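Working notes for the structure below.
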Amino acid sequence: MQNQLQEQRPFAVYSKPGSATVTGIFQTNIEEYYLTDFTKQGFVFAPFEGDKYLFIPMQESDVITVTIEANGFAPAEPQPVAINPESKLGFEDLVARCVTAIKTGAFGKLVASRSEMAQLSVTDITKVYQNLLYAYPNAFKYMFFHPASGLWMGATPEQLLKAQNHTIHTVALAGTQLYKEDEEAVWENKEKEEQQFVTDFILNELKDYTNQITTTQPYTFRAGNIVHIKTDISAELKEASLLKEVLQTLHPTPAVCGLPKTKAKQFILDNEDYNREYYSGFLGELNRDFATGKQAQTDLFVNLRCMKINGNVAQLFIGCGITKDSNPEKEFIETVNKSMTMRRVL
Ligand SMILES: C=C(O[C@@H]1C=C(C(=O)O)C=C[C@H]1O)C(=O)O
């Protein structure tokens, strides 16, 4: 990884939810490849906005898979975060604007986000990635570098799309509260309704491209120090070649953007005062399981609980779903809680 960074060559290192292995895809040249042919095998890193998807093609890369050795790392509880009053006010104002826009009837839901800076306490970034690996066994833990994106890391709980030949899986994820040991989460109607919006959108979007759609009941799902409501969705693609269309209709999902999708995206671009870049984009394996070498397997995740690292400073990206009943201060606190996912490993 250090070599790749020094020579500015793209790479992706990742470990899937529940997996005991880490796979690395190391590009052997410094070319910038973008995804144009969705039948190619490789690793994709897509931004929130636009269709310039960074791509590390299999043919141009060395692939290594290793087993994670147990090391007993226990993430420390992070120090309480010093809240910057200006960014708190700025975010609360954004949430208030979202609520007003929703109340006019123009949107069913919007996702407001912000970024904040945090200092790294270790100089070796591979150590930060190791911490992520040990802290979040059930997330998709990755480190990605490309000269066009910079260095990113994250531990995302959210699958965008898993495809094995014709069979696809996705999830509807929304609603957030702090995880409490020995206590079952109780969800308010606002949160249940918000998650149902996401499920309904996905089912409606998949209709044209798939048959035999099945869903689970919504259930509580833990992601580090917080829990969400989740519904698993499966379907059969009418044709394997529809992968591109399905991806482009799902992304960005209402879990990270809003409803209706195109208008919500424009609202976000007009109202958020920073650039999301690759946060709330998606990433992962395209048409190949690199650990096993199996083809026709796609495994993509929404880029959440992530950060961009520059020297010893990490830019953390966090957002939350807004509905007509959202309270700006509560939503701000939710972003602080979500930011702990990254702060604990820094
Ligand atoms: C947008 C984020 O998370 C999304 C928003 C959620 C919510 O509003 O409750 C829950 C899970 C994610 O779908 C984020 O973590 O940045």
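Numbering of ligands and ligand atoms starts at 1, following listing order. Sequence positions, counted from 1, serve as the residue numbers for this chain. Just so it is clear, the structure is predicted and the values come from calculations on it, not from any experiment.
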*Provide, to 0.1 Å, the distance between atom 1 (C) of ligand 1 and the closest protein heavy atom, together with that atom's residue and name.*
Y279 OH, 3.3 Å
_Whether E7 and R9 form a salt bridge (side-chain N of Lys/Arg under 4.0 Å from carboxylate O of Asp/Glu) is what I want to check._
yes
*Taking only heavy atoms of E334 into account, list the atoms of ligand 1 that are under 4.0 Å away from them.*
7 (C), 8 (O), 9 (O)
*How far apart are the closest heavy atoms of T65 and A291, and which atoms are they?*
OG1-CA, 3.6 Å
*What do we get for E158 next to ligand 1 when only non-hydrogen atoms under 4.0 Å count, side chain, backbone, both or neither?*
side chain
*Identify, by atom number and element, the atoms of ligand 1 in contact range of I318, meaning under 4.0 Å from any of its heavy atoms.*
16 (O)
*Identify, for atom 14 (C) of ligand 1, the protein heavy atom at the shortest distance, and state residue, atom and that distance.*
G319 O, 3.4 Å
*With atoms numbered from 1 as shown, which atoms in ligand 1 lie under 4.0 angstrom from a non-hydrogen atom of R305?*
3 (O), 11 (C), 12 (C), 14 (C), 15 (O)
*Looking at F45, W152, Y278, Y129, which one forms a ring-ring contact (aromatic ring centres under 6.0 Å, His included) with F144?*
F45
*Report the nearest protein non-hydrogen atom to atom 6 (C) of ligand 1: residue, atom name, distance rounded to 0.1 Å.*
K338 NZ, 3.2 Å
*Can you find an N or O of C320 that's nearer than 3.5 Å to an N or O of ligand 1?*
no
*Purely on distance, is any nitrogen or oxygen of G321 under 3.5 Å from one on ligand 1?*
yes
*Measure from NZ or CZ of K230 to the centre of the six-membered ring of Y219, then state whether that distance is under 6.0 Å and the direction lies within 45° of the axis.*
no
_Proximity of F317 and Y279 rings by center, below 6.0 Å_ = yes
*Check the pair K88, E92 against salt bridge (Lys or Arg N to Asp or Glu O under 4.0 Å), reporting the backbone distance first and the verdict last.*
CA-CA 6 Å; K88 179 169 184 282; E92 288 172 359; 2.9 Å; yes
*asked:* So if I count the atoms of ligand 1 from 1 in the order they appear, which ones are less than 4.0 Å from some heavy atom of E194?
replied: 7 (C), 8 (O)
*Is it true that E116 and R114 have a side-chain N and a carboxylate O under 4.0 angstrom from each other?*
yes
*Is the number of heavy atoms from other residues, nucleotides or ligands under 6.0 Å of K238 NZ greater than 12?*
yes
*Compute both the distance and the angle, then confirm whether K141 meets the cation-pi test with Y14: under 6.0 Å from the six-membered ring centre, within 45 degrees of the axis.*
no
*If you have a sec, work out which protein heavy atom is nearest atom 7 (C) of ligand 1 and how many Å separate them, to one decimal?*
T176 OG1, 3.3 Å
*Could a heavy atom of S113 be found less than 4.0 Å from some atom of ligand 1?*
no
*Looking only at protein heavy atoms, which one is nearest to atom 4 (C) of ligand 1, and how far off is it?*
A255 O, 3.4 Å
